[in-house]
Amino acid sequence: MKNLEVSLPFPNGEVFIPPSKSISHRMLICAGLAEGESILQNIAFSDDIIATKNGIKAFGAKIRYLGNYISDKANDVAVKGIKAANIRDNLTIDCKESGSTLRFLIPIALAYGKQVTFVGRGRLFDRPLDVFYDVFRKQGINYFMENDKPSLTVAGKLKPDTFNIKGNVSSQFISGLLFALPLLEGDSLIITTTPVESKAYIDLTIDALERFGVQVENQDYEQFSIKGRQIYRAADCRVEGDFSQGAFWLAAGVLGGSITCFNLDINSHQGDKYIVDIIRKMGAQPVIGKNFIKVEASNTHGVTVDAAQCPDLVPIVAVLGALSRGTTQILNAGRLRMKESDRLKAISSELSHLGAEIAELADGLIIEGRDMLDGGIVDSWNDHRIAMALAVASVRCRNPVIIKHSDAVSKSYPGFWKDFIKLGGVVDEFDFRA
């Protein structure tokens with residue numbers, strides 16, 4: 001793991017935002033399930049997307065690279081779909097640290113009735129899977145976890161059914177079932193037993209399904225009706241830019257520079273485009289173009305942010321709050337404790353090390369803003385969003401920020417440090433033994 005000393009005192013310039021990780025997962029899976037060959041434009045192969053790509057290849061999908069779309073940031077690929085009769089049994093799929101890969105592919109494995117062992121690393125198997133365990137027990141699906149390594153083996157056939165699913169644990173469980181249930185011989189129903197959080201991620205799943213010819217009836221997120229015996233059809237799609245990644249540069253520009261983020265569509269269904277509303281409420285005046293958003297240094301003030309529908313924004317919003325006048329409150333963010341790190345504890349702890357005044361609540365944060373932070377030594381907790389948020393905090397730090405485990409960014413944004421430098425940042429490797 002690398003330790004970097006970073007500073008970005010005057011961020012300025014243009015940056016091309018990488019493709020949406022959330023949409024890339026979904027497009028690859030739908031293309032992998034489809035009859036025929038699909039062309040997917042603008043796929044960036046971060047660690048998480050590589051995990052999903054390798055997962056659908058293990059099932060039998062064929063993937064050809066068609067060349068770079070924009071420099072080294074993304075590729076166009078051709079995906080030839082799985083033939084069910086050719087799927088091998090006793091597969092092993094490495095999900096790395098990708099919760100999306102794990103939760104999306106488990107139901108697909110069971111739709112095909114195959115025994116599959118899912119392995120991973122980090123905190124992947126510490127994150128909740130109880131929703132699926134309940135399904136397994138109800139349907140008589142065998143599953144077991146080995147004590148000496150992070151893995152889950154499933155064996156059995158998923159059957160059409162009525163699935164009662166909690167909506168406030170993770171929308172990924174619902175999305176995983178939405179991919180698999182159309183493949184079954186009969187019709188199914190998903191009923192949400194608690195209010196659904198992260199609705200936009202379900203919208204992205206349904207959008208992807210529709211592009212590939214699969215229909216789901218969404219009844220106000222309270223229940224989803226899924227016809228069985230549907231067929232995924234090959235489609236050609238382009239992945240749009242990722243608002244959850246663009247949020248870091250929008251925040252950097254607002255805190256002290258002038259940054260134009262290209263490849264962001266304000267009409268996107270991504271829930272994390274809410275970052276634009278947040279920075280507006282804090283006092284910024286973003287300029288919205290057809291394919292770009294431009295921001296400049298602004299005098300910002302604290303706000304209250306309900307994170308139920310945009311949990312991935314919390315680390316960077318915490319940075320904005322730490323450097324804005326008055327109080328910022330972040331509410332309904334309890335699910336962040338079960339991400340790649342306990343993100344509430346991680347961002348609270350590390351911003352405190354930089355000199356922020358921040359209090360951690362059971363399901364949120366309270367932050368008293370300051371004009372500047374001190375800088376100093378922090379740790380990413382091996383979490384990509386914590387690493388990127390701390391890097392952005394260096395815009396308004398008196399001294400450089402030294403980030404331990406800075407290469408965690410490769411999980412979602414391998415080119416982050418390259419873009420950081422492009423926008424005026426200074427990055428040097430730091431050796432604690434020196």
Q: Sort and list the pairs that fulfil ring pair (Phe, Tyr, Trp, His ring centres under 6.0 Å) and have at least one residue in residues 148-168, not counting sequence neighbours.
A: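 Counting only pairs at least two positions apart or across chains, no ring pair (Phe, Tyr, Trp, His ring centres under 6.0 Å) contact touches residues 148-168.
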
Q: With sequence neighbours excluded, tell me which residues meet ring pair (Phe, Tyr, Trp, His ring centres under 6.0 Å) with Phe224.
A: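 If we apply the ring pair (Phe, Tyr, Trp, His ring centres under 6.0 Å) test to Phe224, skipping adjacent residues, there are no hits.
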
Q: Tell me, do Tyr413 and Arg385 make a side-chain contact under 4.5 Å, heavy atoms counted?
A: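 No. Closest side-chain heavy atoms not under 4.5 Å.
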
Q: Please find the pair of heavy atoms, one from Lys273 and one from Ile266, that lie closest to each other, and give the distance.
A: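 In this case the closest contact between Lys273 and Ile266 is NZ-O, 3.0 Å.
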
Q: For the backbone of Val196 and the side chain of Asn168, can you confirm whether one donor and one acceptor N or O come within less than 3.5 Å of each other?
A: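 Such a contact is absent between Asn168 side chain and Val196 backbone.
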
Q: Mind running side chain to side chain contact (heavy atoms under 4.5 Å, CB included) on Gln215 and Lys227 for me, showing each step along the way?
A: CA-CA 8 Å; Gln215 301 299 314; Lys227 294 289 186 183; over 6 Å; no

Q: Does Ser188 use its side chain to pair, donor to acceptor, with the backbone of Asp161 at less than 3.5 Å?
A: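 Pair found, side chain donor or acceptor close to backbone of Asp161.
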
Q: Counting N and O atoms only, with roles assigned by atom type, does the side chain of Asp428 sit under 3.5 Å from a partner on the main chain of Glu5, one being a donor and the other an acceptor?
A: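 No: the side chain of Asp428 does not pair with the backbone of Glu5.
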
Q: If you look at every heavy atom in Asn382 and Ala408, which pair is closest and at what distance?
A: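 Shortest heavy-atom contact: C-CB, 3.7 Å.
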
Q: Can any side-chain N or O of Asn164 pair as donor or acceptor with the backbone N or O of Thr192 at less than 3.5 Å?
A: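 Flag not set: sc Asn164 to bb Thr192 has no pair under 3.5 Å.
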
Q: Nearest heavy-atom pair of Ala391 and Val6: which atoms, and what distance?
A: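 In terms of heavy atoms, the two residues are closest at CA-CG2, 4.3 Å.
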
Q: Does any part of the side chain of Tyr274, heavy atoms only, come nearer than 4.5 Å to the side chain of Gln309, both counted from C-beta?
A: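 With C-beta onward as the side chain, the pair stays apart.
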
Q: Any donor-acceptor pair under 3.5 Å linking the side chain of Thr304 with the backbone of Gln329?
A: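 Side chain of Thr304 to backbone of Gln329, a donor-acceptor pair under 3.5 Å: no, none is there.
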
Q: Could you report the tightest heavy-atom contact between Ile190 and Ile174, atom names first, then the distance?
A: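 Minimum heavy-atom separation between Ile190 and Ile174: CD1-O, 4.2 Å.
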
Q: Please output the side-chain donor-acceptor pairs of residues 150-160 that fall under 3.5 Å, not counting sequence neighbours, one pair per line with the distance.
A:
residue	atom	partner	partner atom	Å
Thr153	OG1	Thr117	OG1	2.7
Lys157	NZ	Ala111	O	2.4
Lys159	NZ	Gln139	O	2.8

Q: Would you check if there is a donor-acceptor pair between the side chains of Asp242 and Ser244 at a distance under 3.5 Å?
A: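 Judged by distance alone, the side chains do pair up.
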
Q: Any side-chain heavy atom of Leu320 within less than 4.5 Å of one from Leu255?
A: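 In short, these two side chains touch, coming nearer than 4.5 Å.
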
Q: In the structure I gave you, are the side-chain heavy atoms of Leu102 and Leu129 within less than 4.5 Å of one another anywhere?
A: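 Yes; the side chains approach each other to less than 4.5 Å.
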
Q: Less than 4.5 Å apart, side chain to side chain, heavy atoms only: is that true for Leu8 and Val392?
A: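 No - every pair of side-chain heavy atoms lies 4.5 Å or more apart.
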
Q: Which pair of non-hydrogen atoms, one from Ile82 and one from Gly60, has the smallest distance, and what is that distance?
A: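 The pair with the smallest heavy-atom distance is CG1-C, 4.3 Å.
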
Q: For residues 48-67, which residue pairs pass the ring pair (Phe, Tyr, Trp, His ring centres under 6.0 Å) check, not counting sequence neighbours?
A: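 Passing the test, one end in residues 48-67: Phe45-Tyr65.
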
Q: Only distances under 3.5 Å count here; give the side-chain donor-acceptor pairs of residues 175-184 to other protein atoms, sequence neighbours excluded, each with its distance to 0.1 Å.
A:
residue	atom	partner	partner atom	Å
Ser175	OG	Thr205	OG1	2.7

Q: Please answer whether the main-chain N or O of Ile17 pairs with a side-chain N or O of Asn263 as donor and acceptor at a distance below 3.5 Å.
A: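 Side chain of Asn263 to backbone of Ile17: a pair is present.
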
Q: For Ser100 and Gln172, does a side-chain donor sit closer than 3.5 Å to a side-chain acceptor?
A: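 Yes, a side-chain donor-acceptor pair sits under 3.5 Å.
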
Q: Please list, chain by chain and in numerical order, all residues satisfying side-chain hydrogen bond (donor to acceptor under 3.5 Å, both in side chains) with Asp207, sequence neighbours excluded.
A: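 Per chain and number, Asp207 pairs via side-chain hydrogen bond (donor to acceptor under 3.5 Å, both in side chains) with His269.
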
Q: Within the distance-only criterion (no hydrogens, no angle test), does the side chain of Asp130 pair as donor or acceptor with the backbone N or O of Tyr133 below 3.5 angstrom?
A: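 Here the side-chain-to-backbone pair does not exist.
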
Q: Side chains of Thr101 and Thr52: is there a donor and an acceptor less than 3.5 Å apart?
A: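 There is such a pair between these side chains.
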
Q: So, does Gln270 use its side chain to make a donor-acceptor pair with the main chain of Gly241 at under 3.5 Å?
A: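 Yes, the answer is positive, given that a donor and an acceptor are paired below the 3.5 Å cut-off.
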
Q: Are any non-hydrogen side-chain atoms of Ile56 and Ile63 less than 4.5 angstrom apart?
A: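 Yes, side chains in contact.
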
Q: With sequence neighbours excluded, what pairs up with Phe144 under the ring pair (Phe, Tyr, Trp, His ring centres under 6.0 Å) test?
A: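 Phe144 satisfies ring pair (Phe, Tyr, Trp, His ring centres under 6.0 Å) with no residue once adjacent residues are dropped.
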
Q: Is a side-chain N or O of Thr194 found less than 3.5 angstrom from the main chain of Gly167, in a donor-acceptor match?
A: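 Yes; judged by distance alone, with no hydrogens or angles, the pair exists.
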
Q: Please tabulate, for side-chain N and O atoms in residues 333-347, each donor-acceptor pair with protein atoms closer than 3.5 Å (sequence neighbours left out).
A:
residue	atom	partner	partner atom	Å
Arg335	NE	Glu197	OE1	2.7
Arg335	NH1	Ser198	OG	3.4
Arg335	NH2	Glu197	OE1	3.3
Arg335	NH2	Ser198	OG	3.0
Arg335	NH2	Ala308	O	2.9
Arg337	NE	Ala362	O	3.1
Arg337	NH1	Asp342	OD1	3.1
Arg337	NH1	Asp342	OD2	3.0
Arg337	NH1	Glu360	OE2	2.8
Arg337	NH2	Glu360	OE2	3.0
Arg337	NH2	Leu361	O	2.6
Arg337	NH2	Ala362	O	3.4
Glu340	OE1	Arg343	NH2	2.8
Glu340	OE2	His384	NE2	3.3
Glu340	OE2	Lys411	NZ	2.6
Ser341	OG	Asp383	OD2	2.9
Asp342	OD1	Leu344	N	3.4
Asp342	OD1	Lys345	N	3.2
Arg343	NE	Asp383	OD1	3.3
Arg343	NE	Asp383	OD2	2.8
Arg343	NH1	Asp312	OD1	3.3
Arg343	NH2	Asp383	OD1	3.2
Arg343	NH2	His384	NE2	3.3

Q: Of all the heavy-atom pairs spanning Thr328 and Gly321, show the shortest one and how long it is.
A: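 So the two residues come closest at OG1-CA, 3.4 Å.
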
Q: Could you list all the side chain to side chain donor-acceptor pair (under 3.5 Å) pairs where at least one residue sits in residues 77-89, not counting sequence neighbours?
A: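 Output for this query is empty, none listed.
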
Q: Would you say Phe243 and Leu313 make side-chain contact, with heavy atoms under 4.5 Å?
A: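 Answer no - side chains too far apart.
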
Q: Output all residues satisfying ring pair (Phe, Tyr, Trp, His ring centres under 6.0 Å) with Phe212, sequence neighbours left out; order by chain, then residue number.
A: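 Per chain and number, Phe212 pairs via ring pair (Phe, Tyr, Trp, His ring centres under 6.0 Å) with no residue.
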
Q: Could you state the interatomic distance from CD1 (Ile23) to CG (Leu28), rounded to the nearest 0.5 Å?
A: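 Spacing of CD1 (Ile23) from CG (Leu28) equals 12.0 Å.
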
Q: Test side chain to side chain contact (heavy atoms under 4.5 Å, CB included) on Arg137 and Asp134; report intermediate values, then the result.
A: CA-CA 5 Å; Arg137 287 189 286 267; Asp134 289 343; 2.6 Å; yes

Q: Does CZ belonging to Arg211 count more than 12 external heavy atoms closer than 6.0 Å?
A: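 Not buried by this count: 12 neighbours or fewer within 6.0 Å.
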
Q: Do Ile259 and Leu250 touch side chain to side chain, with heavy atoms closer than 4.5 Å?
A: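 Counting from C-beta outward, Ile259 and Leu250 never come under 4.5 Å.
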
Q: Which residue is it: Pro128, Ser98, Ser171, Cys95? I am looking for the one with a side chain to side chain contact (heavy atoms under 4.5 Å, CB included) to Arg103.
A: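 With Arg103 as partner, side chain to side chain contact (heavy atoms under 4.5 Å, CB included) holds for just one option, Pro128.
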
Q: Only pairs at least two apart or in different chains count here, so list each salt bridge (charged side-chain N to carboxylate O under 4.0 Å, His left out) that has a residue in residues 27-44.
A: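 Residue pairs with at least one partner in residues 27-44: Glu35-Arg233, Glu37-Arg64.
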
Q: Mind checking ring pair (Phe, Tyr, Trp, His ring centres under 6.0 Å) for Phe132 and listing every partner two or more places apart, or none if nothing turns up?
A: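 Result, ring pair (Phe, Tyr, Trp, His ring centres under 6.0 Å) vs Phe132: Phe173.
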
Q: Is the centre of the Phe416 ring less than 6.0 Å from the centre of the Trp249 ring?
A: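 Here the rings of Trp249 and Phe416 have centres that are less than 6.0 Å from each other.
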
Q: Under 3.5 Å, is there a donor-acceptor pair between the side chain of Lys96 and the main chain of Asp48?
A: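 Checked: no pair found.
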
